[in-house]
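Note sheet for the following structure.
Just follow the structure's listing: the first ligand is 1, and inside any ligand the first atom is 1.
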Amino acid sequence: MNRKVKISGVEMYVPPKVLTNEDFEKMVDTSNEWILERTGIRERHIVEKGVANSDLASEALKRLCNSKGITPEDIELIIIPTVTPDMFFPSTACRVQEKTGAKNAWGFDISAACSGFIFALATAEKFVRTGVHDRVVVIGSEVMSSIIDYTDRATCVLFGDGAGAVLLEPAEEDEVGLIDFICKIDGSGGKFLYMPGGGSLNPPTHETVDKKMHYVHQHGRQVFKFAVKEMANVSIEILEKHNLTPKDIKLYVPHQANMRIIKSVAERMGLDESQVIINIDKYGNTTSATIPICLYEATKEGRIQKGDYVLIASFGAGFTWGAGLMRWEI
Ligand code: UT7
């Protein structure tokens, strides 16, 4: 079987607590001006102690079911891209299945950092396309605040917590739905963005904790350069493959890591500002959740209508990067 697949629903959830740039001025040697100018971020949402990834993901999934008029029992497969699972195992998908009562679903987590949502969507789509499942959800969900060193000004101001969920179903009409994905990795970039502690290479010890190895470590400038070049390249590559140009795109939805990265990529591609969504000012970098949160807001704000070409693109630790092309359905 080779069916057309569409995103038929999208929802999001962010925890209520907000950390503003002014809050960071009291915590580390930084300023609202530096953060705004260098990243575009004004505020980000952060969980209260005791709130886990599966709580955010479950809330996003419940909202998705409500808005679609279905129940979690109707879901057949849950895929959760994340680098901040509740724990190594069981998977966050298992935790969400239990918390939401999605008792007919199986599921698993995917690790691809900021490209997690695109890699998961590219995976999920195959299950619907081949007729294995009719209702699959992908929930990009992160509690980045659980792996951030709030004394390191170079990383702590960048990240936020949140979840975005999409429902995939077969598309009845040919002119809407997911068209193609290009996903790439380059392991030689691993040294520029990583969390060295806690896994099998450096199992947790007092020493790994003392050395702050359970936090995000990033060489920002190297990541920045690679991100701009490769996100633009992969976006052009997928458009050319389908005989499209940037002008054909109604909305470009890039991973939200830095406003300057987004603007540089858009400039390289020759996109107009009106074709690009930027909401990093409100949420910071929520890793695998940025793209579904953008898709939710774009839909709510009426920026995309049925039949519009939408191009999503990401870049993240690994390095991982990719693009996804679709015609919007909702
Ligand atoms: O989503 C996953 C992929 N990640 C990314 O795409 C992130 C890519 N990188 C970036 O977004 C940027 O590189 C950062 C926002 C992380 C940093 O911006 P930058 O313009 O590349 O700054 P930099 O790291 O080169 O640092 C410039 C200066 C340094 O001071 P000196 O050495 O020039 O005196 C930093 O210590 O800015 C300093 N700095 C800060 N100053 C005030 C770094 N962080 C801060 C801060 N407040 N929060």
Practice item. Answer yes or no: are there more than 12 heavy-atom neighbours, outside Glu273 itself, under 6.0 Å from its atom CD? Key: no
Study note, to complete from the structure: Among non-hydrogen protein atoms, atom 10 (C) of ligand 1 lies closest to Asn258 ND2, 3.6 Å
Study note, to complete from the structure: Under 4.0 Å between heavy atoms, the region of Val28 that gets near ligand 1 turns out to be neither
Check your understanding: Is the shortest N/O to N/O distance between Arg38 and ligand 1 below 3.5 Å?
Key -> yes
Check your understanding: Is the closest N or O pair between Ile261 and ligand 1 shorter than 3.5 Å?
Key -> no
Check your understanding: Quick one: do the Tyr252 and Ser235 side chains pair a donor with an acceptor below 3.5 Å?
Key -> yes
Check your understanding: Hey, is atom 24 (O) of ligand 1 under 4.0 Å from any protein heavy atom?
Key -> no
Check your understanding: Of all the non-hydrogen atoms in the protein, which one sits nearest to atom 26 (O) of ligand 1, and at what distance?
Key -> Arg221 NH2, 4.1 Å
Practice item. Output yes when a protein non-hydrogen atom is found under 4.0 Å of atom 41 (N) of ligand 1, and no otherwise. Key: yes
Exercise for review: Say whether Glu142 and Thr84, considering side chains only, have a donor N or O and an acceptor N or O under 3.5 Å apart.
Suggested key: yes
Point to revise | Residue and atom name of the nearest protein heavy atom (relative to atom 38 (C) of ligand 1), distance in Å to one decimal | key: Arg153 NH2, 3.6 Å
Check your understanding: What orientation do Phe226 and Trp321 show, parallel under 30°, tilted 30 to 60°, or perpendicular over 60°?
Key -> perpendicular
**Study point:** atom 28 (C) of ligand 1 protein-contacted (non-hydrogen atom, under 4.0 angstrom)
**Key:** no
Check your understanding: Is the closest side-chain donor-acceptor distance between Glu73 and Asn104 under 3.5 Å?
Key -> no
Check your understanding: What protein heavy atom is closest to atom 2 (C) of ligand 1, reported as residue, atom name and distance in Å?
Key -> Cys114 SG, 3.2 Å
Check your understanding: Less than 3.5 Å between some nitrogen or oxygen of Asn285 and one of ligand 1, yes or no?
Key -> yes
Review point. Can a donor-acceptor pair be found between the side chains of Thr82 and Asn53 at a distance below 3.5 Å?
Key: yes
Exercise for review: Establish whether atom 34 (O) of ligand 1 and some protein heavy atom are separated by less than 4.0 angstrom.
Suggested key: no
Review point. Between the side chains of Ser115 and Lys184, does any donor sit under 3.5 Å from an acceptor?
Key: no
**Study point:** Minimum non-hydrogen distance to atom 17 (C) of ligand 1, winning option of Phe226, Trp34, Trp321
**Key:** Trp34
Practice item. Fit a plane to each ring of His133 and Phe127, take the angle between them on a 0 to 90° scale, and name the class: parallel (under 30°), tilted (30 to 60°) or perpendicular (over 60°). Key: tilted
